[in-house]
There are 2 protein chains.
Amino acid sequence: MDGETRAEILDATNRALCEHGYAGLTVQRIADESSMTSAAIHYHFDTKEELLNAFLDDLIERFESKLSCGAADPRKRLDTVLDAVFSPKDPESDGFPVAIMELKAQAPYHELFRERFLDFDGVMRGVVADIVRDGVAAGRFDEADPEEVARLITTMSNGAHARAVALDEHPAETRRIVEDALELRLGWTPGEGADG
Amino acid sequence: MDGETRAEILDATNRALCEHGYAGLTVQRIADESSMTSAAIHYHFDTKEELLNAFLDDLIERFESKLSCGAADPRKRLDTVLDAVFSPKDPESDGFPVAIMELKAQAPYHELFRERFLDFDGVMRGVVADIVRDGVAAGRFDEADPEEVARLITTMSNGAHARAVALDEHPAETRRIVEDALELRLGWTPGEGADG
DNA sequence: CCCGACTTACTGACTGGTCAGTTAAGAGGC
DNA sequence: GCCTCTTAACTGACCAGTCAGTAAGTCGGG
């Protein structure tokens, strides 16, 4: 299959999922969001489930790539993670919290989904814990348990996404609370990483 | 309608929702979990939507009642909230995180659901903020912004439920992190409220 | 004390519509 | 002429909701 065609179907899936939710997601509606018919989509993906697996893979992969930046400074690296997680509604990944929540709610009935979310959670917690460990070792952060800080950030991220979907609340509301908590633990003040 | 019949239908809805998810929830499956036929359920509730609204009302009402205890001690009151939110799998309300997540994921497409979740979030944040305010005023807690503490706890609660569903993680994992954060802010050590 | 009228709670059979997935018949580039 | 891709038309399964009919109970009148 053409990479462009694949991207178009996955993109149409994202729009259809955000607009109608998982329960209202049909192959016809994905087709409506693309330039193809539902039969064309079945030509490229044998089953709806196969398409959804590919979609979740793509979604997580794109998100993981946003967690890292080239910088060495732990504060800048932590800032990059917070940007990715509590990102303002950027035009490229708009609807990300909705799409991911719709799929998360299916995890109990979809072993493959659950595995991917578990894997991704491990990656994200690892990234944060590494940053904290490096920052503490370099004397840039106060002493703190890296695993515990990672768990705080990821759980707050999960909460922010749930709130964005269920309460239509902007994730930045949560970012402020997380930054305050990090300041208490790491002596880290928001924005300081970028300025000096 | 008989209160007992209503309770049976709502209970069957809970089981069917947890077992099949929102997307797989059909009136037939609710009927299968009860002692009635699907036509009998339509006799009591005109539409599936009406039944789901009643179910969510009941779910939230039962949860709100668990947030308060008779005690006056702020530490005991905060402990009660944490018990309700990060409750171990008790036989009575088992599947609560799953049921509530399935419905939360529908909030963007269901204005009535969204309104109820917003209302409930306000109640919960109010309960926590009141406890913190009282505790600070009584000198039992260190100085802290009640609204910010309330937002931390509710967002961590949202995150814990999302993780329980998507990662099959026990909410108690999150409780530990929340208690550590509260200790930092309020000088509150877990269990101290119960002992003296 | 019993009878007919009415109500409540329910059933099994059904309907119109929608779903995922299939199939056969091409269109258009190489 | 073949291969990739797309289409319209279709199938069988399943959905929410309807409907006619039934069984059990309530209640006022004689």
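None of the values given here were measured: they were computed from a predicted structure. Note on naming: letters A, B, ... go to the chains in the order of the sequence lines (proteins, then strands), and numbering restarts at 1 for each one. Side-chain atoms are counted along with the backbone in the values below, which use heavy atoms only and exclude waters and symmetry mates.
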Answer yes or no: does a side-chain N or O of B/Thr37 lie under 4.0 Å from OP1 or OP2 of C/dT11?
yes

Ion pair B/Glu173/A/Arg151, N-O distance below 4.0 Å:
yes

To the nearest angstrom, the CD-P distance between B/Gln28 and C/dG12 comes to 11 Å

C/dC19 P sits how many Å from A/Tyr22 OH, rounded?
14 Å

In whole Å, what is the span from the CG atom of B/Asp2 to the C1' atom of C/dT7?
15 Å

At a heavy-atom distance below 4.0 Å, what parts of residues 38-47 of chain B sit against DNA chain C?
B/Ala39, B/Ala40, B/Tyr43, B/His44

Residues A/Arg140, A/Asp73: salt bridge by 4.0 Å N-O rule:
yes

Could A/Arg6 and A/Asp57 be called an ion pair, given the rule that one side-chain N must be under 4.0 Å from one carboxylate O?
no

Value in whole Å for how far the P atom of D/dC15 lies from NZ of B/Lys48:
9 Å

In whole Å, what is the span from the CE atom of B/Met36 to the P atom of D/dT22?
22 Å

One thing to verify: whether A/Arg133 and A/Glu147 come together as a salt bridge, which I'm taking to mean a side-chain N less than 4.0 angstrom from a carboxylate O.
yes

Rounded interatomic separation in angstrom, taking CG from A/Leu52 and P from C/dC19:
15 Å

Could you check whether B/Ile30 gets within reach of a base, just the sugar-phosphate, or nothing at all, counting any heavy atom under 4.0 Å?
nothing

Send over the distance from A/Glu4 CD to D/dC5 P, rounded to a whole Å.
12 Å

Check B/Arg125 with B/Asp121, please: is the shortest side-chain N to carboxylate O separation under 4.0 Å?
yes

Grab the CG-C1' distance between B/Asp32 and D/dA16 for me, whole Å please.
15 Å

Do B/Arg175 and B/Glu179 sit within salt-bridge range, that is, some charged N less than 4.0 Å from a carboxylate O?
yes

Let's see if you can work this out: which of C/dC19, D/dT7, D/dA16 has an atom nearest to the side-chain heavy atoms of B/Val27?
D/dA16

Pair A/Met156, A/Ile177 - check side chain to side chain contact (heavy atoms under 4.5 Å, CB included), show working.
CA-CA 9 Å; A/Met156 287 296 277; A/Ile177 309 292; 3.9 Å; yes

